[in-house]
Visitor: 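Handing you this structure, nothing more for now.
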Amino acid sequence: MADCLFCKIAAGDIPSNKLFEDDQLLAFYDIDPQAPVHFLVIPKRHIDSAAVLTEDDAALLGHIYAVIAQLAARLGIAENGYRVVTNVGADGGQSVKHLHFHVLAGRSLAWPPG
Ligand code: AMP
Ligand code: ZN
């Protein structure tokens with residue numbers, strides 16, 4: 001999608017600090033980390049947010065969570081735990097309108113979030 005930051009990152013037009021890539025998704029470190037480990041997982045295909053997901057996206061979402069689990073094991077954060085979150089819309093705190101999953105770890109995370 002034109003003028004979408006994460007579409008440009010997925011296409012390689014804007015550089016990112018990549019952790020993992022395949023035909024469906026890309027995982028890269030967040031540019032403004034909110035925890036000692038903070039990376040994002042995005043589908044390469046443009047999806048506005050979790051608000052427009054349908055049953056047809058089930059396989060993609062399963063793949064995203066499987067890759068997150070593999071990356072968590074690789075990065076050594078699986079044992080102590082981590083948080084996966086996707087912000088939706090203005091009140092959800094979504095600033096980039098391309099579906100993305102934050103993975104945060106490396107410290108005890110507060111709940112409820114601010
Ligand atoms: P959200 O506020 O949930 O939409 O999350 C967007 C995230 O994208 C924020 O945590 C930003 O720090 C991150 N971000 C913005 N631009 C970049 C970039 N060029 N590379 C990596 N992460 C970015
Ligand atoms: Zn996009």
Side-chain angles (χ1 to χ4, degrees):
M1 186 187 218
D3 288 333
C4 171
L5 174 64
F6 286 176
C7 279
K8 288 177 182 165
I9 287 178
D13 295 337
I14 290 177
S16 65
N17 190 0
K18 280 182 207 172
L19 269 165
F20 177 82
E21 180 174 16
D22 66 16
D23 58 325
Q24 293 183 73
L25 61 77
L26 179 67
F28 56 100
Y29 283 105
D30 197 291
I31 204 168
D32 182 21
Q34 301 301 312
V37 176
H38 184 181
F39 63 89
L40 304 173
V41 181
I42 65 169
K44 288 191 168 177
R45 173 166 62 90
H46 182 89
I47 299 171
D48 284 345
S49 78
V52 297
L53 289 169
T54 72
E55 298 288 347
D56 291 342
D57 299 308
L60 172 66
L61 291 169
H63 183 53
I64 286 171
Y65 272 87
V67 167
I68 288 171
Q70 288 162 17
L71 290 174
R74 195 223 286 180
L75 295 173
I77 59 172
E79 190 175 341
N80 281 355
Y82 54 95
R83 183 170 296 164
V84 183
V85 63
T86 185
N87 298 324
V88 180
D91 279 1
Q94 184 181 9
S95 61
V96 179
K97 291 175 180 53
H98 178 129
L99 178 66
H100 52 282
F101 294 83
H102 296 260
V103 181
L104 299 135
R107 65 175 171 84
S108 183
L109 297 162
W111 191 265

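In listed order, ligands and their atoms are each counted from 1.
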Visitor: Hey, does Leu40 come in under 3.5 Å of ligand 1, counting only N/O atoms on both sides?
Guide: no

Visitor: Pick whichever of Leu5, Leu104, Asn87 has a heavy atom sitting closest to atom 15 (C) of ligand 1.
Guide: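 That would be Leu5.
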
Visitor: Looking only at atom types and distance, does a side-chain atom of Thr86 sit under 3.5 Å from a main-chain N or O of His100, one as donor and one as acceptor?
Guide: yes

Visitor: Looking only at N, O or S atoms, find the one in His98 nearest to the Zn ion (ligand 2) and name it.
Guide: ND1

Visitor: Please confirm whether Phe6 and Phe28 have ring centers closer than 6.0 angstrom.
Guide: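 Under 6.0 Å, so yes.
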
Visitor: Numbering the atoms of ligand 1 from 1, which are under 4.0 Å from a heavy atom of Gln94?
Guide: 4 (O)

Visitor: Would a distance-only check, ignoring hydrogens and angles, find a side-chain to backbone donor-acceptor pair under 3.5 Å from Arg83 to His102?
Guide: no

Visitor: Mark yes or no for whether Gln34, through its side chain, and Asp32, through its backbone, hold a donor-acceptor pair below 3.5 Å.
Guide: yes

Visitor: Quick check: of its N, O or S atoms, which one does His46 have closest to the Zn ion (ligand 2)?
Guide: ND1

Visitor: Can a donor-acceptor pair be found, under 3.5 Å and without considering hydrogens, that links the side chain of Asn80 to the backbone of Ile77?
Guide: no

Visitor: A side-chain contact here means heavy atoms from C-beta on lying under 4.5 Å apart; do Val67 and Gln24 qualify?
Guide: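 The answer is no; the side chains never approach within 4.5 Å.
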
Visitor: Under the 3.5 angstrom rule, does the side chain of Lys97 hit a backbone N or O of Cys4 as a donor-acceptor pair?
Guide: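 Checked: no pair found.
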
Visitor: At the 4.0 Å heavy-atom cut-off, does Ser16 count as touching ligand 1?
Guide: no

Visitor: If we only count heavy atoms from C-beta on, is the Tyr82 to Leu75 side-chain gap below 4.5 Å?
Guide: no

Visitor: May I ask whether His100 has any heavy atom positioned less than 4.0 angstrom from an atom of ligand 1?
Guide: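 Yes; His100 lies near enough to ligand 1 that a heavy-atom distance drops under 4.0 Å.
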
Visitor: Give the atoms of ligand 1, by number and element, whose distance to some non-hydrogen atom of Phe6 is under 4.0 Å.
Guide: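 Taking each heavy atom of Phe6 in turn, ligand 1 has 8 (O) under 4.0 Å.
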
Visitor: Counting from 1, what ligand 1 atoms have a heavy atom of Gly93 closer than 4.0 Å?
Guide: 1 (P), 2 (O), 3 (O)

Visitor: By number and element, which atoms of ligand 1 are closer than 4.0 Å to a non-hydrogen atom of Phe28?
Guide: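 Listed by number with element: 21 (C), 22 (N).
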
Visitor: Would you say the side chain of Leu71 lies within less than 4.5 Å of the side chain of Ile68, judging by non-hydrogen atoms?
Guide: no

Visitor: At what distance is the nearest protein heavy atom to atom 4 (O) of ligand 1, and which residue and atom is it?
Guide: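 Ranking protein heavy atoms by distance from atom 4 (O) of ligand 1, first comes Ser95 N, 2.6 Å.
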
Visitor: Just jot down the ligand 1 atoms closer than 4.0 angstrom to any heavy atom of Asp32, in number order.
Guide: 12 (O)

Visitor: Which atoms of ligand 1 are found less than 4.0 Å from any heavy atom of His102?
Guide: 1 (P), 3 (O), 5 (O), 7 (C), 10 (O)

Visitor: Is the shortest side-chain heavy-atom distance between Leu40 and His98 below 4.5 Å?
Guide: no

Visitor: Considering only the protein, which heavy-atom contact is closest to atom 13 (C) of ligand 1, and what is its distance?
Guide: Asp30 OD2, 3.3 Å

Visitor: Considering Ile9, Asn17, Ile31, Val96, which one's heavy-atom position lies nearest to atom 23 (C) of ligand 1?
Guide: Ile31

Visitor: Of the backbone atoms (N, CA, C, O) and the side-chain heavy atoms from C-beta on, which set of Tyr29 has a member under 4.0 Å from an atom of ligand 1: side chain, backbone, both, or neither?
Guide: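 For Tyr29, the contact with ligand 1 is made by the backbone alone.
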
